[in-house]
Amino acid sequence: MDERVYAAVSQALLSGRLRPGTPLRERALAEALGCTRGAIRKVLARLGTEKKLVLEHNRGAFVPNPSVEDMQGIYRARRIVEAGLVATLFGELTRDQTSALRKHVQAEQRAFKEDRRADSIRLAGDFHLLLGQMAASEELQSYLQRLVGNTELYKALFDAPEAACCAPREHEQIIEALSGTSLPRALAVAMAHLDELEQRVLAGAAASRAPDDLSSLFTSIAPPAPTAPKATAKKTAAPTPSPRAGSASRESRRGSRSA
């Protein structure tokens with residue numbers, strides 16, 4: 001039961017349909033997947049340990065919303081680890097190992113053609129884990145699984161769906177380079193693959209977090225502001241003399257005649 005639930009939640013995460021910061025509620029998941037909340041709780045805890053979910057005390061589980069610095073750090077670690085992996089495997093792959101890698105790339109191509117995005121992302125990550133298995137180091141494989149798990153999620157959250165077509169082609173180039181005659185070229189091909197993926201993911205993250213241009217938005221949808229009416233000049237009426245002023249004027253004229 002736990003594996004079925006784990007696969008379902010992982011599939012949802014890699015589909016790209018869950019946006020960063022989305023809460024995953026135990027009750028809703030249990031009802032949707034036909035299982036107990038206890039089973040959901042175990043799966044969420046497992047995904048949290050794998051850094052595929054963020055677990056907050058008394059709040060629950062959330063889809064990660066990694067910072068640019070977090071993502072850059074993970075990709076830097078992958079470059080360091082996979083540079084050593086390429087150096088270890090260069091010129092050492094057996095015919096069976098090369099055949100297994102090519103069959104895996106074919107599975108990636110089928111997933112892309114059939115528009116199975118979650119499978120495309122998972123298979124792209126599994127290619128690197130398959131290389132890790134060929135290095136025959138459990139410690140390396142454990143660390144690589146965590147790094148690849150993180151970058152799979154970044155790709156699901158921020159990379160364009162059509163970019164999935166790049167992985168099979170670039171993985172084929174890595175196989176060719178590992179079987180070639182130049183270790184520097186093999187390293188360059190592997191690092192260019194990770195560099196390009198990181199650049200796409202960071203660009204997608206920046207675009208998804210760009211603030212809305214409120215000025216342009218409201219200019220396009222808001223009605224024009226009303227025009228204030230023009231002020232008209234008012235004619236000033238001549239002041240009306242007060243009775244006292246008129247009386248004083250008559251007294252003044254009498255005084256003048258008397259004089």
Side-chain angles (χ1 to χ4, degrees), residues 7 10 13-14 46-47 49-52 66 70-114 116-159 163-202:
S10 297
L13 287 169
L14 295 184
R46 177 179 170 184
L47 290 167
T49 301
E50 295 172 356
K51 307 298 182 183
K52 294 179 181 178
D70 290 338
M71 292 187 286
Q72 288 174 328
I74 292 295
Y75 280 109
R76 186 179 305 114
R78 273 198 65 175
R79 279 191 290 270
I80 293 170
V81 170
E82 296 198 35
L85 185 59
V86 167
T88 299
L89 296 178
F90 177 75
E92 299 294 330
L93 291 178
T94 67
R95 182 175 299 177
D96 288 344
Q97 288 174 329
T98 300
S99 176
L101 290 170
R102 293 194 189 282
K103 287 181 180 178
H104 188 90
V105 170
Q106 291 171 0
E108 292 182 60
Q109 292 169 337
R110 285 194 299 271
F112 174 72
K113 290 178 181 178
E114 295 169 6
R116 293 183 282 119
R117 185 167 188 242
D119 288 339
S120 292
I121 293 174
R122 177 181 56 79
L123 288 167
D126 285 350
F127 174 84
H128 296 269
L129 297 180
L130 184 56
L131 288 174
Q133 289 177 2
M134 293 174 181
S137 171
E138 292 184 4
E139 290 79 8
L140 170 65
Q141 188 70 356
S142 176
Y143 187 48
L144 188 59
Q145 282 177 338
R146 185 172 75 82
L147 295 176
V148 169
N150 282 324
T151 53
E152 282 178 348
L153 187 59
Y154 302 160
K155 184 176 176 64
L157 293 174
F158 303 120
D159 200 11
C165 67
C166 300
R169 181 178 66 251
E170 293 171 5
H171 290 167
E172 185 66 41
Q173 292 171 353
I174 291 173
I175 297 171
E176 293 292 339
L178 286 172
S179 303
T181 59
S182 172
L183 176 58
R185 181 180 181 279
L187 288 168
V189 169
M191 295 303 101
H193 170 58
L194 292 176
D195 288 346
E196 182 177 345
L197 176 57
E198 179 184 11
Q199 290 169 7
R200 291 200 315 265
V201 165
L202 294 181

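One-based numbering along the sequence shown. These numbers come from the heavy atoms of this one structure, side chains and all, not from hydrogens, waters or symmetry mates.
Atom CZ of Arg78 and atom CD1 of Ile80 lie 12.5 Å apart (nearest 0.5 Å). Between the CG atom of Leu131 and the CD atom of Gln141 there is a distance of 9.5 Å, given to the nearest 0.5 Å. To the nearest 0.5 Å, atoms CG (Leu194) and CZ (Arg76) are separated by 13.0 Å. Separating the OG atom in Ser120 from the CZ atom in Arg116 is a distance of 7.0 Å, to the nearest 0.5 Å.
No donor-acceptor distance shorter than 3.5 angstrom exists from the side chain of Glu82 to the backbone of Met191, with no hydrogens or angles considered. Distance alone, capped at 3.5 Å, is enough to place a donor-acceptor pair between the His104 side chain and the Leu123 backbone.
Within the structure, no pair that satisfies the salt bridge (Lys or Arg N to Asp or Glu O under 4.0 Å) test touches residues 83-94, not counting sequence neighbours. Among residue pairs with one or both ends in residues 174-190, those qualifying as side-chain hydrogen bond (donor to acceptor under 3.5 Å, both in side chains) are Arg102-Glu176; sequence neighbours excluded. Among residues at least two apart or in separate chains, there is no salt bridge (Lys or Arg N to Asp or Glu O under 4.0 Å) pair with a member in residues 103-112. Here salt bridge (Lys or Arg N to Asp or Glu O under 4.0 Å) pairs that include residues 129-139, with residues two or more places apart or in two chains, number zero.
Contact of the Ile74 side chain with the Met71 side chain is not registered, since no non-hydrogen atoms from C-beta on lie closer than 4.5 Å. Between His193 and Gln173 there is no side-chain heavy-atom pair separated by less than 4.5 Å. Lys52 has its side chain out of reach of Arg46: every pair of non-hydrogen atoms, C-beta onward, lies at least 4.5 Å apart. The side-chain heavy atoms of Gln145 and Glu50, taken from C-beta on, include no pair separated by under 4.5 Å. Between Leu129 and Asp126, some side-chain heavy-atom pair lies under the 4.5 Å cut-off.
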*Give the intermediate values and the outcome of side chain to side chain contact (heavy atoms under 4.5 Å, CB included) for residues Arg122 and Ser10.*
CA-CA 9 Å; Arg122 177 181 56 79; Ser10 297; over 6 Å; no

*Show your reasoning for whether side chain to side chain contact (heavy atoms under 4.5 Å, CB included) applies to Leu14 and Arg117.*
CA-CA 8 Å; Leu14 295 184; Arg117 185 167 188 242; over 6 Å; no

*Could you go step by step and tell me if Ile121 and Asp159 meet the side chain to side chain contact (heavy atoms under 4.5 Å, CB included) rule?*
CA-CA 10 Å; Ile121 293 174; Asp159 200 11; over 6 Å; no

_Verdict with reasoning, Leu101 to Met134, per side chain to side chain contact (heavy atoms under 4.5 Å, CB included)_ = CA-CA 10 Å; Leu101 290 170; Met134 293 174 181; 3.7 Å; yes

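Not counting sequence neighbours, Glu152 has no partner by the salt bridge (Lys or Arg N to Asp or Glu O under 4.0 Å) test. Among residues two or more places apart in sequence or in another chain, the ring pair (Phe, Tyr, Trp, His ring centres under 6.0 Å) test is passed with Phe90 by none.
What you find for Ala100 and Leu130 is that their closest heavy atoms are O-CD2, 4.1 Å. Closest of all the heavy-atom pairs between Pro168 and Val105 is O-CG1, 3.6 Å. Residues Ala135 and Leu140 share a closest heavy-atom pair of CB-CD2, 4.0 Å. Minimum heavy-atom separation, His128 to Leu85: O-CD2, 4.3 Å. The minimum heavy-atom distance between Leu147 and Ala77, with the atom names listed, is CD2-CB, 3.9 Å. Nearest heavy-atom pair across Ala87 and Leu183 is CA-CD1, 4.0 Å.
Ring geometry, Tyr154 versus Tyr75: the interplanar angle falls from 30° to 60°, so the pair is classed tilted.
Salt bridge Arg79/Glu198: present, at least one basic N to carboxylate O contact under 4.0 Å.
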